[in-house]
Participant: 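This structure is in C-alpha coordinates; I'll ask about it shortly.
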Amino acid sequence: MKAQIIDGKLIARKILDRAKIKINALKTKLTLVIINASSDSASHAYIKTKIKFCDQVGVAHQVINYDKKVSTEHILDQIEKYNKDDKTTGIVVQLPLWDYLGTTKIIEAINPNKDVDGLTSDNLGKLFKGVECIEPATARGVIRILEECPTINKSAVIVNRSMLVGKPLMHLLLNKDYTVTVCHSKTTDLSLFTKSTDVLITATGKPGLITKNMVKSGAVVIDVGISRKGKNLRGDVHDEVYDVAGYITPVPGGVGLVTAATLVENVINCYLLSKKEA
Ligand code: NAP
(Lines give C-alpha, C1' and ligand atoms only; values in the text may rest on other atoms or scores of the structure.)
Protein backbone atom coordinates (compact mmCIF):
# COMPACT_ATOMS: atom_id res chain seq x y z
CA MET A 1 0.00 0.00 0.00
CA LYS A 2 1.26 3.48 -0.81
CA ALA A 3 0.01 6.33 1.38
CA GLN A 4 -2.05 9.08 -0.17
CA ILE A 5 -0.14 12.37 0.01
CA ILE A 6 -1.99 15.19 1.74
CA ASP A 7 -1.36 18.28 -0.36
CA GLY A 8 -0.58 21.14 2.06
CA LYS A 9 -0.41 23.60 -0.83
CA LEU A 10 -4.00 22.79 -1.83
CA ILE A 11 -5.33 23.08 1.73
CA ALA A 12 -3.44 26.36 2.21
CA ARG A 13 -4.98 27.62 -1.05
CA LYS A 14 -8.50 26.82 0.21
CA ILE A 15 -7.81 28.66 3.49
CA LEU A 16 -6.40 31.69 1.66
CA ASP A 17 -9.26 31.82 -0.87
CA ARG A 18 -11.75 31.87 1.99
CA ALA A 19 -9.68 34.48 3.84
CA LYS A 20 -9.61 36.72 0.76
CA ILE A 21 -13.40 36.66 0.49
CA LYS A 22 -13.73 37.50 4.20
CA ILE A 23 -11.22 40.35 3.94
CA ASN A 24 -12.96 41.86 0.91
CA ALA A 25 -16.25 41.75 2.81
CA LEU A 26 -14.70 43.55 5.81
CA LYS A 27 -13.85 46.58 3.66
CA THR A 28 -11.03 47.56 5.99
CA LYS A 29 -7.25 47.42 5.79
CA LEU A 30 -5.67 44.69 7.94
CA THR A 31 -1.98 44.96 8.83
CA LEU A 32 0.33 42.30 10.22
CA VAL A 33 3.56 43.29 11.97
CA ILE A 34 6.25 40.58 12.03
CA ILE A 35 9.05 41.00 14.54
CA ASN A 36 12.24 39.14 13.72
CA ALA A 37 15.17 39.03 16.11
CA SER A 38 17.12 36.03 14.90
CA SER A 39 19.56 35.12 12.14
CA ASP A 40 17.96 31.69 11.72
CA SER A 41 17.73 30.92 7.98
CA ALA A 42 14.57 28.83 8.50
CA SER A 43 12.88 31.84 10.14
CA HIS A 44 13.66 33.97 7.09
CA ALA A 45 12.05 31.33 4.86
CA TYR A 46 8.92 31.20 7.08
CA ILE A 47 8.64 35.00 7.05
CA LYS A 48 8.86 34.98 3.24
CA THR A 49 5.93 32.54 3.06
CA LYS A 50 3.87 34.64 5.48
CA ILE A 51 4.51 37.76 3.42
CA LYS A 52 3.62 35.94 0.19
CA PHE A 53 0.34 34.71 1.69
CA CYS A 54 -0.47 38.18 3.12
CA ASP A 55 0.05 39.64 -0.37
CA GLN A 56 -2.22 37.02 -1.89
CA VAL A 57 -5.17 37.90 0.36
CA GLY A 58 -4.55 41.65 0.65
CA VAL A 59 -3.20 41.90 4.21
CA ALA A 60 -0.63 44.68 4.55
CA HIS A 61 2.56 43.73 6.37
CA GLN A 62 5.57 45.22 8.00
CA VAL A 63 8.64 43.18 8.95
CA ILE A 64 10.81 44.61 11.72
CA ASN A 65 14.28 43.03 11.55
CA TYR A 66 16.60 43.62 14.48
CA ASP A 67 20.31 43.08 14.65
CA LYS A 68 21.95 41.16 17.46
CA LYS A 69 22.52 44.21 19.64
CA VAL A 70 18.80 44.67 20.27
CA SER A 71 17.65 44.40 23.89
CA THR A 72 14.55 42.72 25.30
CA GLU A 73 13.47 46.14 26.62
CA HIS A 74 13.68 47.72 23.18
CA ILE A 75 11.50 44.98 21.65
CA LEU A 76 9.02 45.36 24.55
CA ASP A 77 8.79 49.11 23.83
CA GLN A 78 8.18 48.43 20.14
CA ILE A 79 5.45 45.88 20.91
CA GLU A 80 3.80 48.41 23.20
CA LYS A 81 3.86 50.88 20.31
CA TYR A 82 2.16 48.40 17.96
CA ASN A 83 -0.30 47.35 20.67
CA LYS A 84 -1.48 50.96 20.82
CA ASP A 85 -1.40 51.53 17.08
CA ASP A 86 -4.94 51.31 15.63
CA LYS A 87 -3.53 50.50 12.20
CA THR A 88 -1.84 47.31 13.45
CA THR A 89 -4.27 44.37 13.42
CA GLY A 90 -1.89 41.62 14.46
CA ILE A 91 1.64 41.06 15.74
CA VAL A 92 3.81 37.98 15.26
CA VAL A 93 7.12 37.43 16.99
CA GLN A 94 9.02 35.02 14.77
CA LEU A 95 10.42 32.23 16.96
CA PRO A 96 13.04 31.28 17.96
CA LEU A 97 14.56 34.59 19.07
CA TRP A 98 18.24 34.93 19.86
CA ASP A 99 18.91 32.99 23.08
CA TYR A 100 19.79 36.03 25.18
CA LEU A 101 16.38 37.64 24.63
CA GLY A 102 13.49 37.13 27.05
CA THR A 103 11.15 35.17 24.76
CA THR A 104 8.37 34.62 27.34
CA LYS A 105 8.38 38.27 28.38
CA ILE A 106 8.25 39.39 24.76
CA ILE A 107 5.36 37.07 23.82
CA GLU A 108 3.41 38.07 26.94
CA ALA A 109 3.75 41.76 26.01
CA ILE A 110 1.55 41.31 22.91
CA ASN A 111 -2.04 42.51 23.31
CA PRO A 112 -4.01 39.19 23.31
CA ASN A 113 -6.36 40.57 20.63
CA LYS A 114 -3.34 41.19 18.36
CA ASP A 115 -1.65 37.89 19.23
CA VAL A 116 -1.81 36.26 15.78
CA ASP A 117 0.18 33.23 16.96
CA GLY A 118 -2.19 32.67 19.90
CA LEU A 119 0.71 32.08 22.28
CA THR A 120 0.06 34.59 25.08
CA SER A 121 -1.09 33.14 28.42
CA ASP A 122 -4.39 34.91 27.87
CA ASN A 123 -5.12 33.09 24.61
CA LEU A 124 -3.71 29.74 25.74
CA GLY A 125 -5.65 29.97 29.02
CA LYS A 126 -8.87 30.66 27.09
CA LEU A 127 -8.14 27.79 24.74
CA PHE A 128 -7.71 25.44 27.70
CA LYS A 129 -11.00 26.70 29.19
CA GLY A 130 -12.86 26.44 25.89
CA VAL A 131 -13.44 30.20 25.64
CA GLU A 132 -13.30 32.01 22.25
CA CYS A 133 -9.70 33.06 21.55
CA ILE A 134 -6.97 33.24 18.93
CA GLU A 135 -5.93 29.61 18.50
CA PRO A 136 -2.27 28.77 17.79
CA ALA A 137 -1.76 28.51 14.04
CA THR A 138 0.16 25.21 13.88
CA ALA A 139 -2.37 23.35 16.01
CA ARG A 140 -5.25 24.82 14.01
CA GLY A 141 -3.44 23.90 10.80
CA VAL A 142 -3.28 20.26 11.91
CA ILE A 143 -7.02 20.30 12.60
CA ARG A 144 -7.67 21.74 9.13
CA ILE A 145 -5.61 18.92 7.61
CA LEU A 146 -7.51 16.29 9.58
CA GLU A 147 -10.79 17.74 8.30
CA GLU A 148 -9.61 16.74 4.81
CA CYS A 149 -8.90 13.11 5.79
CA PRO A 150 -11.42 10.36 6.36
CA THR A 151 -10.68 9.06 9.85
CA ILE A 152 -12.27 5.86 11.01
CA ASN A 153 -11.55 6.18 14.69
CA LYS A 154 -10.96 9.37 16.60
CA SER A 155 -7.84 8.21 18.46
CA ALA A 156 -4.79 10.46 18.19
CA VAL A 157 -1.23 10.31 19.43
CA ILE A 158 0.83 13.51 19.50
CA VAL A 159 4.60 13.16 19.80
CA ASN A 160 5.35 16.60 21.26
CA ARG A 161 4.40 18.34 24.49
CA SER A 162 5.51 21.91 23.73
CA MET A 163 3.39 25.01 24.26
CA LEU A 164 3.75 25.79 20.54
CA VAL A 165 2.44 22.48 19.19
CA GLY A 166 1.50 19.57 21.46
CA LYS A 167 -0.38 21.22 24.32
CA PRO A 168 -2.69 23.46 22.25
CA LEU A 169 -3.23 20.65 19.74
CA MET A 170 -4.25 18.29 22.56
CA HIS A 171 -7.05 20.72 23.47
CA LEU A 172 -8.23 21.31 19.92
CA LEU A 173 -8.38 17.54 19.34
CA LEU A 174 -10.26 16.98 22.61
CA ASN A 175 -12.75 19.62 21.50
CA LYS A 176 -13.24 17.56 18.33
CA ASP A 177 -13.97 14.44 20.43
CA TYR A 178 -10.64 12.74 19.82
CA THR A 179 -9.17 10.51 22.50
CA VAL A 180 -5.67 11.92 22.80
CA THR A 181 -2.35 10.56 24.05
CA VAL A 182 0.62 12.91 24.34
CA CYS A 183 4.13 11.44 24.09
CA HIS A 184 7.55 13.05 24.52
CA SER A 185 11.23 12.26 24.80
CA LYS A 186 10.81 10.50 28.17
CA THR A 187 8.01 8.22 26.92
CA THR A 188 9.08 4.62 27.39
CA ASP A 189 8.39 2.50 24.32
CA LEU A 190 7.12 5.23 22.02
CA SER A 191 6.10 2.71 19.37
CA LEU A 192 3.63 1.06 21.75
CA PHE A 193 1.56 4.25 21.49
CA THR A 194 2.28 5.28 17.91
CA LYS A 195 1.43 1.93 16.31
CA SER A 196 -1.93 1.63 18.01
CA THR A 197 -3.36 4.98 16.86
CA ASP A 198 -5.41 5.96 13.80
CA VAL A 199 -4.00 9.49 13.76
CA LEU A 200 -0.34 10.10 14.48
CA ILE A 201 0.97 13.65 14.75
CA THR A 202 4.69 14.04 15.22
CA ALA A 203 6.65 17.25 15.90
CA THR A 204 10.05 16.39 17.33
CA GLY A 205 12.48 17.81 14.77
CA LYS A 206 14.26 14.43 14.80
CA PRO A 207 14.50 13.37 11.14
CA GLY A 208 13.44 9.79 10.49
CA LEU A 209 12.36 9.14 14.10
CA ILE A 210 9.05 7.61 13.01
CA THR A 211 9.73 4.36 11.17
CA LYS A 212 7.49 1.85 9.42
CA ASN A 213 7.17 -0.50 12.37
CA MET A 214 5.88 2.36 14.55
CA VAL A 215 2.82 3.12 12.40
CA LYS A 216 -0.52 1.34 12.16
CA SER A 217 -1.51 0.22 8.68
CA GLY A 218 -3.76 2.85 7.04
CA ALA A 219 -3.14 5.50 9.74
CA VAL A 220 -3.21 9.24 9.06
CA VAL A 221 0.30 10.57 9.70
CA ILE A 222 0.80 14.31 10.14
CA ASP A 223 4.45 15.31 10.10
CA VAL A 224 4.88 18.70 11.76
CA GLY A 225 8.62 18.27 12.39
CA ILE A 226 11.07 20.28 10.33
CA SER A 227 14.82 19.86 10.27
CA ARG A 228 17.29 21.20 7.81
CA LYS A 229 20.02 19.20 6.09
CA GLY A 230 22.00 21.57 3.91
CA LYS A 231 19.38 23.12 1.66
CA ASN A 232 16.90 20.29 2.17
CA LEU A 233 14.04 20.15 4.65
CA ARG A 234 13.16 16.92 6.40
CA GLY A 235 10.34 15.82 8.62
CA ASP A 236 10.23 13.33 11.50
CA VAL A 237 8.81 10.57 9.34
CA HIS A 238 11.05 8.04 7.61
CA ASP A 239 10.36 7.46 3.89
CA GLU A 240 9.45 3.80 4.55
CA VAL A 241 6.30 4.99 6.42
CA TYR A 242 4.75 5.78 3.02
CA ASP A 243 4.41 1.99 2.60
CA VAL A 244 2.11 1.56 5.62
CA ALA A 245 0.28 4.84 6.27
CA GLY A 246 -3.08 5.61 4.65
CA TYR A 247 -2.54 9.38 4.43
CA ILE A 248 0.61 11.37 5.04
CA THR A 249 1.75 15.01 4.97
CA PRO A 250 5.05 15.52 3.11
CA VAL A 251 7.89 17.78 4.26
CA PRO A 252 8.15 20.24 2.62
CA GLY A 253 4.69 20.90 1.16
CA GLY A 254 2.59 19.81 4.12
CA VAL A 255 1.91 21.30 7.54
CA GLY A 256 4.23 24.32 7.10
CA LEU A 257 2.15 25.86 4.30
CA VAL A 258 -1.12 25.19 6.12
CA THR A 259 0.28 26.79 9.29
CA ALA A 260 1.28 29.93 7.40
CA ALA A 261 -2.18 30.15 5.76
CA THR A 262 -3.86 29.64 9.14
CA LEU A 263 -1.75 32.41 10.57
CA VAL A 264 -3.00 34.81 7.90
CA GLU A 265 -6.54 33.70 8.74
CA ASN A 266 -5.78 34.53 12.37
CA VAL A 267 -5.18 38.18 11.37
CA ILE A 268 -8.87 38.30 10.45
CA ASN A 269 -9.77 36.60 13.74
CA CYS A 270 -7.74 39.26 15.63
CA TYR A 271 -9.69 42.00 13.86
CA LEU A 272 -13.05 40.40 14.57
CA LEU A 273 -12.22 39.69 18.21
CA SER A 274 -11.05 43.25 18.86
CA LYS A 275 -14.22 44.65 17.22
CA LYS A 276 -16.34 42.39 19.40
CA GLU A 277 -14.60 43.54 22.56
CA ALA A 278 -14.47 47.24 21.62
P1 NAP B 1 10.36 21.62 21.01
O2 NAP B 1 9.82 22.57 22.00
O3 NAP B 1 11.82 21.29 21.00
O4 NAP B 1 9.53 20.24 21.21
C5 NAP B 1 9.96 19.04 20.68
C6 NAP B 1 9.12 17.94 21.30
O7 NAP B 1 9.53 16.68 20.78
C8 NAP B 1 9.28 17.84 22.83
O9 NAP B 1 8.04 17.61 23.44
C10 NAP B 1 10.23 16.66 22.99
O11 NAP B 1 10.07 15.97 24.21
C12 NAP B 1 9.80 15.79 21.84
N13 NAP B 1 10.85 14.86 21.43
C14 NAP B 1 12.11 15.18 21.06
N15 NAP B 1 12.80 14.03 20.77
C16 NAP B 1 11.94 13.01 20.97
C17 NAP B 1 12.07 11.61 20.85
N18 NAP B 1 13.21 11.03 20.49
N19 NAP B 1 10.99 10.85 21.14
C20 NAP B 1 9.82 11.41 21.53
N21 NAP B 1 9.66 12.74 21.65
C22 NAP B 1 10.71 13.54 21.37
O23 NAP B 1 10.00 22.06 19.54
P24 NAP B 1 8.66 22.75 18.96
O25 NAP B 1 8.81 24.21 18.95
O26 NAP B 1 7.46 22.15 19.59
O27 NAP B 1 8.75 22.25 17.45
C28 NAP B 1 8.81 20.87 17.17
C29 NAP B 1 9.11 20.62 15.70
O30 NAP B 1 8.02 21.11 14.93
C31 NAP B 1 10.35 21.33 15.16
O32 NAP B 1 10.94 20.51 14.20
C33 NAP B 1 9.78 22.60 14.52
O34 NAP B 1 10.62 23.09 13.50
C35 NAP B 1 8.49 22.05 13.97
N36 NAP B 1 7.44 23.04 13.77
C37 NAP B 1 6.86 23.04 12.57
C38 NAP B 1 5.81 23.92 12.32
C39 NAP B 1 5.14 23.87 11.01
O40 NAP B 1 4.35 24.75 10.69
N41 NAP B 1 5.37 22.82 10.20
C42 NAP B 1 5.39 24.82 13.31
C43 NAP B 1 5.99 24.77 14.56
C44 NAP B 1 7.03 23.86 14.79
P45 NAP B 1 10.46 16.66 25.64
O46 NAP B 1 9.31 17.59 25.93
O47 NAP B 1 10.54 15.54 26.56
O48 NAP B 1 11.74 17.39 25.40
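For ligands, and for the atoms within them, numbers begin at 1 and follow the listed sequence.
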Participant: When only distance counts, is Tyr46 in polar contact with ligand 1, meaning an N/O pair under 3.5 Å?
Facilitator: no
Participant: Measure the distance from atom 8 (C) of ligand 1 to every protein heavy atom, then report the residue, atom name and distance (to 0.1 Å) of the closest one.
Facilitator: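 Going by distance alone, atom 8 (C) of ligand 1 is nearest to Arg161 N, 4.1 Å.
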Participant: Which heavy atom of the protein is the closest neighbour of atom 2 (O) of ligand 1, given with residue, atom name and distance?
Facilitator: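 Its nearest protein heavy-atom neighbour is Ser162 CB, 3.4 Å.
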Participant: Of all the heavy atoms in Gly225, does at least one lie under 4.0 Å from an atom in ligand 1?
Facilitator: yes
Participant: May I ask you to identify the nearest protein heavy atom to atom 40 (O) of ligand 1, giving residue, atom name and distance to one decimal place in Å?
Facilitator: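 Minimum-distance protein heavy atom for atom 40 (O) of ligand 1 reads Thr259 OG1, 2.9 Å.
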Participant: Taking distance alone, no hydrogens or angles, what donor-acceptor pairs closer than 3.5 Å link side-chain atoms of residues 8-22 to residues at least two apart or in another chain?
Facilitator:
residue, atom, partner, partner atom, Å
Arg13, NE, Asp17, OD1, 3.3
Arg13, NH1, Gln56, OE1, 3.0
Arg13, NH2, Asp17, OD1, 3.3
Lys14, NZ, Glu148, OE1, 2.9
Lys14, NZ, Glu148, OE2, 3.4
Arg18, NH2, Glu265, OE2, 2.4

Participant: Check if Thr187 has a non-hydrogen atom at a distance under 4.0 Å from any atom of ligand 1.
Facilitator: no
Participant: For atom 37 (C) of ligand 1, which protein heavy atom lies nearest, and how many Å away is it?
Facilitator: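 Of every protein heavy atom, Val224 O, 3.0 Å lies nearest to atom 37 (C) of ligand 1.
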Participant: According to side chain to side chain contact (heavy atoms under 4.5 Å, CB included), who are the partners of Lys129, at least two apart in sequence or on a separate chain?
Facilitator: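 Val131.
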Participant: Give the residue and atom name of whichever protein heavy atom lies nearest to atom 18 (N) of ligand 1, and the separation in Å to one decimal.
Facilitator: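 Protein heavy atom with the smallest distance to atom 18 (N) of ligand 1: Leu209 CD1, 3.7 Å.
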Participant: So His171 and Phe128, would you call those rings parallel, tilted or perpendicular, with 30° and 60° as cut-offs?
Facilitator: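 Ring orientation of His171 relative to Phe128: parallel.
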Participant: Considering both backbone and side-chain atoms of Asn160, is one of its nitrogen or oxygen atoms within less than 3.5 Å of a nitrogen or oxygen in ligand 1?
Facilitator: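 Right, the criterion is met.
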Participant: Polar-atom distance check: Ser227 versus ligand 1, any N or O pair below 3.5 Å?
Facilitator: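 N/O-N/O distance under 3.5 Å: no.
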